[in-house]
Number of protein chains: 2
Amino acid sequence: MQLDERKFLILQAIIDDYIMTAMPVGSRTISRKSGVGYSPATIRNEMSDLEELGYLAQPHTSAGRVPSNKAYRLYVDHLMKSVKLSPDERERMHEHLVDKSKRVEGVIRAAANVLSDATKYTSVIVAPKLGTLKIKHVQLVPVAERTALMIIVTSAGIVKDTVITIPDNLDADDLYSISRMLTQKLADQPLEGVRQAFAEMLRDASDNRRLLGDALQVIEKRLESEDQADVIIGGSSNLLGYPEYADVNKARNFLAVLESKETIRRVLNRDGSMEISIRIGPENQVPELNDCSIVSASYRVGDHSNGTLGIIGPTRMNYNRVISVLDFMGRALSDVLSEYR
Amino acid sequence: MQLDERKFLILQAIIDDYIMTAMPVGSRTISRKSGVGYSPATIRNEMSDLEELGYLAQPHTSAGRVPSNKAYRLYVDHLMKSVKLSPDERERMHEHLVDKSKRVEGVIRAAANVLSDATKYTSVIVAPKLGTLKIKHVQLVPVAERTALMIIVTSAGIVKDTVITIPDNLDADDLYSISRMLTQKLADQPLEGVRQAFAEMLRDASDNRRLLGDALQVIEKRLESEDQADVIIGGSSNLLGYPEYADVNKARNFLAVLESKETIRRVLNRDGSMEISIRIGPENQVPELNDCSIVSASYRVGDHSNGTLGIIGPTRMNYNRVISVLDFMGRALSDVLSEYR
DNA sequence: GTTAGCACTCAACACCATCGAGTGCTAACG
DNA sequence: CGTTAGCACTCGATGGTGTTGAGTGCTAAC
């Protein structure tokens, strides 16, 4: 059996309705809809076919039909008619972004809020991978005996800092000149490639071997331990408004998942492309989120590094709108964050 | 009518029980408890008295009694016998703190997690007020045409940074020397007192007036806009496990409150003392949290500045344990964060 | 091929009886 | 006189029952 025009039409109507109401959809409801000129009986026959084909399911015998994950997949791939955001909605969203006092983290935080406000789902933004950013400046600042703060400024204007221990015969001026040297040597190197640069420096440097070794370690640690703080979540309470989370236990599980940045990172894991990716239900790799859908997009910072922004919601998500919003915000974020270059 | 010995005893037993079970407590339950040698009938009489005095309430005629806020107040003020944490519990908590790779924000984040894990409530930590910290170092870093990043390192090792615009005739070396000058002039000044220092500098400085003016503005803005990022919340999903939040709407409201850092800041607002403060129910100033209790303590960073750590939970909170944990963590945090000095 | 009609199913809802935890009161007890 | 046993009473919780109505599948007529 194949899907003909009419089956498409009916399936679409069912999905649209279910996305709105979260209630099983009956044949009468569809029949009454404008654009569908068939009686409930005809609809019922078609629905029966669609169920057999795996696009619909019945919670129980005398209930309406509910779209399956397969149906959502078909929907986002073929049925969905994309809607544009209205100009003043775009305007409003953009405003909130540039509003925030310009700092990278602030911008990202604001973006997360805008996303969750605009979609009423939970939003997640992952900051760009450090490794791909270029170093702009390195600065050592004394903070105590034998202790200094090492500050690394990247091309995206993102600042990372770590405490390191230093030999005790160094004073502020020494640190100053070391910083200067480090900056000269490392400027415009990607963080990833820093190891070689250091190797060279260690060979040349008569002095301060110990310090440089320390610094290298720090940078590397920073690179591999993808920092917790770099996952930002907005509107975590939004999902509680939906009937699929009326059960407190489900809600708690969901929130617990959100608290593990590690899991979030995994679930937003993307191949390199800039395309919007849609994972419906079990398509994502995290069992706890198997009844959620996750839509994600990329944003660019500087030349080659990018971050991820996404929306987590029930499988009966308003894909249409979410995609529009993510698409727009991805571009907006890229714009705003690239002004630093 | 006054509270005699026996009324105290009974009230305490009721509160203890209710804290454990969240169920209205009946006379039989109390009578069976070890340490109480009276029959249910006697207990009932006493309970009746306690109700008249406003310490107990009955949800409905044939239910047991529930402690009132007044009762909790009495409990924390007089009835509670303080328990110590076991040494290895202390050990474990402390471990998690120093574990984290030494950064201030990382430590605070870890502390929030430890707090919520140890208490099973929601924890909140507010970073120390910037204004009270001393400046250690100021650094301007060029990031683009006419744009620089201004980084301020405080005595606590906390780094703050903001983007500022600069005159376009300045190159990296100029910024370097300006940074040096700024650091020299401002080092060891509290952030609050920076205004005068700047005034002087503006008078003297032949050049760079525009830049200095910009920088001053930035610092001041930073001071007054108590930064969002400085409120950190742990275990927000913990409260959903308690029967008082079985209703999804209540849960949602609660979570929505947590998302507003502004409100959190207000609710944790403390007078200067280092004492542990307990706000029961409506004693806190935020109507949305009127059925919560909030216990908070201070931790010290450096010489004179301190931050706040707190626990938010239902009024029938395990005050005893929460107080012990907060007390310990306050000290531990102070210790860890003062190592930077 | 489409649709009206009809019997059938089943969750949701309201209603009701029962149960039991807990109370207040009274009278008896040491 | 304080304490306690006994008892009638209250009322939420629980579980069973009947009704309702949305929705289906099937059949027969258009």
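Side chains are part of it too, since the values below use all heavy atoms of this structure and drop only hydrogens, waters and symmetry mates. Lettering of chains follows the sequences in order, A, B, ..., and the numbering in each one begins at 1. All values reported here derive from a predicted model rather than from experimental measurement.
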On the nucleotide D:dT4, are OP1 or OP2 found under 4.0 Å from the side-chain N or O atoms that B:T42 carries? yes
Nearest heavy atom decides the nucleotide; on that basis, is A:N45 or A:G64 closer to the 5' end of DNA chain D? A:G64
Would you mind reading off the distance between A:R65 atom CZ and C:dC10 atom P, rounded to a whole angstrom? 14 Å
Assess whether one donor atom and one acceptor atom, taken from the side chain of A:R28 and the base of D:dG21, lie less than 3.5 Å apart. no
Atom-pair distance (NE2 on B:H60; C1' on D:dG12), nearest Å: 5 Å
Is B:S39 side chain donor-acceptor paired with the D:dT4 base, going by distance under 3.5 Å alone? no
Quick one, B:V248 and A:Y245 - any side-chain contact, counting heavy atoms below 4.5 Å? no
Closest heavy-atom pair and its distance - B:Y121, B:N238: O-ND2, 3.0 Å
Distance check: side-chain N/O of A:S27 vs OP1/OP2 of D:dT24, anything under 4.0 Å? yes
Would you kindly give the CG-to-P distance between B:L50 and C:dG24, to the nearest whole Å? 12 Å
Can you tell me how far P of D:dG12 sits from CE of B:M23, to the nearest Å? 14 Å
Nearest-Å distance, CE (B:M47) to P (C:dC25)? 15 Å
Whole-Å distance separating the CD atom of A:Q58 from the P atom of C:dC8: 18 Å
Just name whichever nucleotide pairs with D:dG23, Watson-Crick or G-U, keeping both distances under 3.5 Å, else none. C:dC8
Pair B:K33 + B:D16, salt bridge at N-O below 4.0 Å: no
What contact category does A:T61 fall into here, base, sugar-phosphate, or nothing, at under 4.0 angstrom with non-hydrogen atoms? sugar-phosphate
In whole angstrom, give the distance that lies between atom CZ of B:R44 and atom P of D:dC9. 16 Å
From the list C:dA4, D:dG25, D:dT4, which nucleotide is the closest neighbour of the side chain of A:A41? C:dA4
Re D:dG15: Watson-Crick or G-U wobble partner, both distances kept under 3.5 Å, found to be C:dC16
When you compare the side chain of A:Y242 with that of A:K120, does any pair of heavy atoms fall below 4.5 Å? yes
B:M47 vs B:I14 side-chain heavy atoms within contact, under 4.5 Å: yes
Atom-pair distance (CD1 on A:I10; C1' on C:dG1), nearest Å: 13 Å
For D:dA29, give its Watson-Crick or G-U wobble partner with both distances under 3.5 Å, or none. C:dT2
